[in-house]
Student: 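Quick one: structure below, then a few questions.
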Amino acid sequence: MRRTVIAGNWKMNKTNQEAVEMLHQLKKEVAGISEVDIVIGAPFTCLSDAVKETVGSNIKIAAENVYPKSSGAYTGEISPKMLKAIGVEYVILGHSERREYFQESDEFINEKVKAVLAEGMTAILCIGEKLEDREAGKTNMVNETQLRGGLAGITKEEAANIIVAYEPVWAIGTGKTATPELAQETHAKIRKVLVSLFDKVGEEMTIQYGGSMKPENAAELLAQKDIDGGLIGGASLEAKSFAEIVKAGR
Ligand code: PGA
């Protein structure tokens with residue numbers, strides 16, 4: 001059975017105190033919901049207190065990045081082991097902002113996916129085409145390249161702990177959402193690649209949609225056959241709007 005996973009991606013927003021306050025409110029908003037896996041991706045500085053605030057609740061905490069080594073001389077970096085040790089369960093990887101502003105390649109993202117899985121955490125692998133790719137008819141090619149690159153050398157057993165987030169770059173933070181039909185069409189193509197890589201496991205993998213998902217459009221998007229969740233930026237910053245999206249996923 002595919003799990004519906006609704007994940008927030010706060011990006012570089014919220015102080016530690018703001019994070020704890022939001023999660024305190026969110027816990028009340030989503031109390032008792034068990035049909036949906038609820039995840040919040042927070043900056044490194046909030047992670048420890050975010051885990052403490054949500055322990056025993058139905059909210060899990062994600063990091064938004066990681067360095068693919070367990071320790072060593074990598075000034076300023078954070079390892080999967082460090083995240084695991086404080087109770088982080090998911091890591092968002094390969095977000096388009098990291099690909100664009102920090103030149104992350106598919107190879108580097110693949111190392112991160114493996115490092116996260118090796119610590120027993122779940123990887124949320126983000127892929128997605130830019131506007132110019134879509135206009136040039138390269139959407140499926142770009143997504144397939146990012147998928148195969150990010151998932152290189154991954155076994156079926158490991159794939160069960162990977163979520164794919166399809167985020168068309170032109171829809172992120174722009175208010176422009178892909179129509180449910182257009183998103184479904186791309187998700188179906190992604191599903192095909194996953195099945196070709198992992199057989200039955202590929203059928204079971206959660207594929208999230210991301211890109212201006214909000215309370216007003218979540219239900220329609222989540223009703224699509226191959227849209228199994230959402231990765232939400234802007235609308236995850238407030239407990240009420242994020243909880244509405246979670247409820248739309250029930
Ligand atoms: P958005 O961001 O919901 O603000 O478009 C989504 C994301 O970048 O994960």
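One-based numbering, in listed order, for ligands and for the atoms of each. Any value given below was found using the heavy atoms of this structure, including those in side chains, with hydrogens, waters and symmetry copies removed.
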Student: Does any N or O atom in Gly210 lie less than 3.5 angstrom from one in ligand 1, N or O only?
Tutor: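 In this structure, Gly210 places no N or O atom under 3.5 Å from an N or O of ligand 1.
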Student: Tell me yes or no: between the side chains of Asp228 and Gln208, is some donor less than 3.5 Å from an acceptor?
Tutor: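 No donor-acceptor contact under 3.5 Å links the two side chains.
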Student: Under a 4.0 angstrom heavy-atom cut-off, which atoms of ligand 1 come close to Leu231?
Tutor: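 Close to Leu231: 6 (C), 9 (O).
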Student: Is there a side-chain contact between Cys126 and Leu231, using heavy atoms and a 4.5 Å cut-off?
Tutor: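 Touching, per the 4.5 Å side-chain cut-off.
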Student: Going by atom types alone, do Glu132 and Trp170 pair a side-chain donor with an acceptor below 3.5 Å?
Tutor: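 No donor-acceptor contact under 3.5 Å links the two side chains.
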Student: Where does Ala171 meet ligand 1, judged by heavy-atom distances below 4.0 Å: at the side chain, the backbone, both, or neither?
Tutor: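 Backbone only.
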Student: Provide the number and element of each atom of ligand 1 under 4.0 Å from a heavy atom of Gly173.
Tutor: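 Listed by number with element: 1 (P), 4 (O), 5 (O).
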Student: Which atoms of ligand 1 are found less than 4.0 Å from any heavy atom of Gly211?
Tutor: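 Taking each heavy atom of Gly211 in turn, ligand 1 has 5 (O) under 4.0 Å.
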Student: Got an N/O contact under 3.5 Å between Gly234 and ligand 1?
Tutor: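 Gly234 vs ligand 1: N/O contact under 3.5 Å present.
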Student: Select one of side chain, backbone, both or neither to describe which atoms of Lys11 lie under 4.0 Å from any atom of ligand 1, heavy atoms only.
Tutor: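 Contact part for Lys11 vs ligand 1: side chain (C-beta onward).
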Student: At a non-hydrogen distance cut-off of under 4.0 Å, which region of Asn9 contacts ligand 1 (side chain, backbone, both, or neither)?
Tutor: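 Near ligand 1, Asn9 shows its side chain, while the N, CA, C and O stay back.
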Student: Heavy-atom distance to atom 1 (P) of ligand 1: which of Ala7, Gly233, Ala235 wins?
Tutor: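 It is Gly233 that holds the nearest heavy atom.
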Student: Counting heavy atoms not belonging to Gln17, are there more than 12 under 6.0 Å from its CD?
Tutor: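 Check fails, neighbour count at 12 or below.
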Student: Quick check on contacts: which atoms of ligand 1 are under 4.0 angstrom from a heavy atom of Glu167?
Tutor: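 The list of qualifying atoms is 6 (C), 7 (C), 8 (O), 9 (O).
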Student: Output yes when the distance from some N or O of ligand 1 to some N or O of Ser212 is under 3.5 Å, and no in every other case.
Tutor: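 Yes; at least one N/O pair falls below 3.5 Å.
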Student: Looking only at the side chains, is there a donor atom on one of Asn65 and Lys112 sitting less than 3.5 Å from an acceptor on the other?
Tutor: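 Yes, Lys112 and Asn65 have a side-chain donor paired with an acceptor closer than 3.5 Å.
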Student: For Glu64 and Tyr90, test the side chains for any donor-to-acceptor distance below 3.5 angstrom and give the result as yes or no.
Tutor: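 Distance-only check fails for Glu64 and Tyr90.
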Student: What atoms of ligand 1 come closer than 4.0 angstrom to any heavy atom of His95?
Tutor: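 Result: 7 (C), 8 (O), 9 (O).
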Student: So is Lys214 touching ligand 1 or not, going by heavy atoms under 4.0 Å?
Tutor: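 Contact absent.
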Student: Are any of the side-chain heavy atoms of Arg134 and Val142 separated by less than 4.5 Å?
Tutor: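 In short, these two side chains do not touch, never coming nearer than 4.5 Å.
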Student: Testing the 3.5 Å rule here: is there a donor-acceptor pair between the side chains of Gln224 and His187?
Tutor: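 There is no such pair between these side chains.
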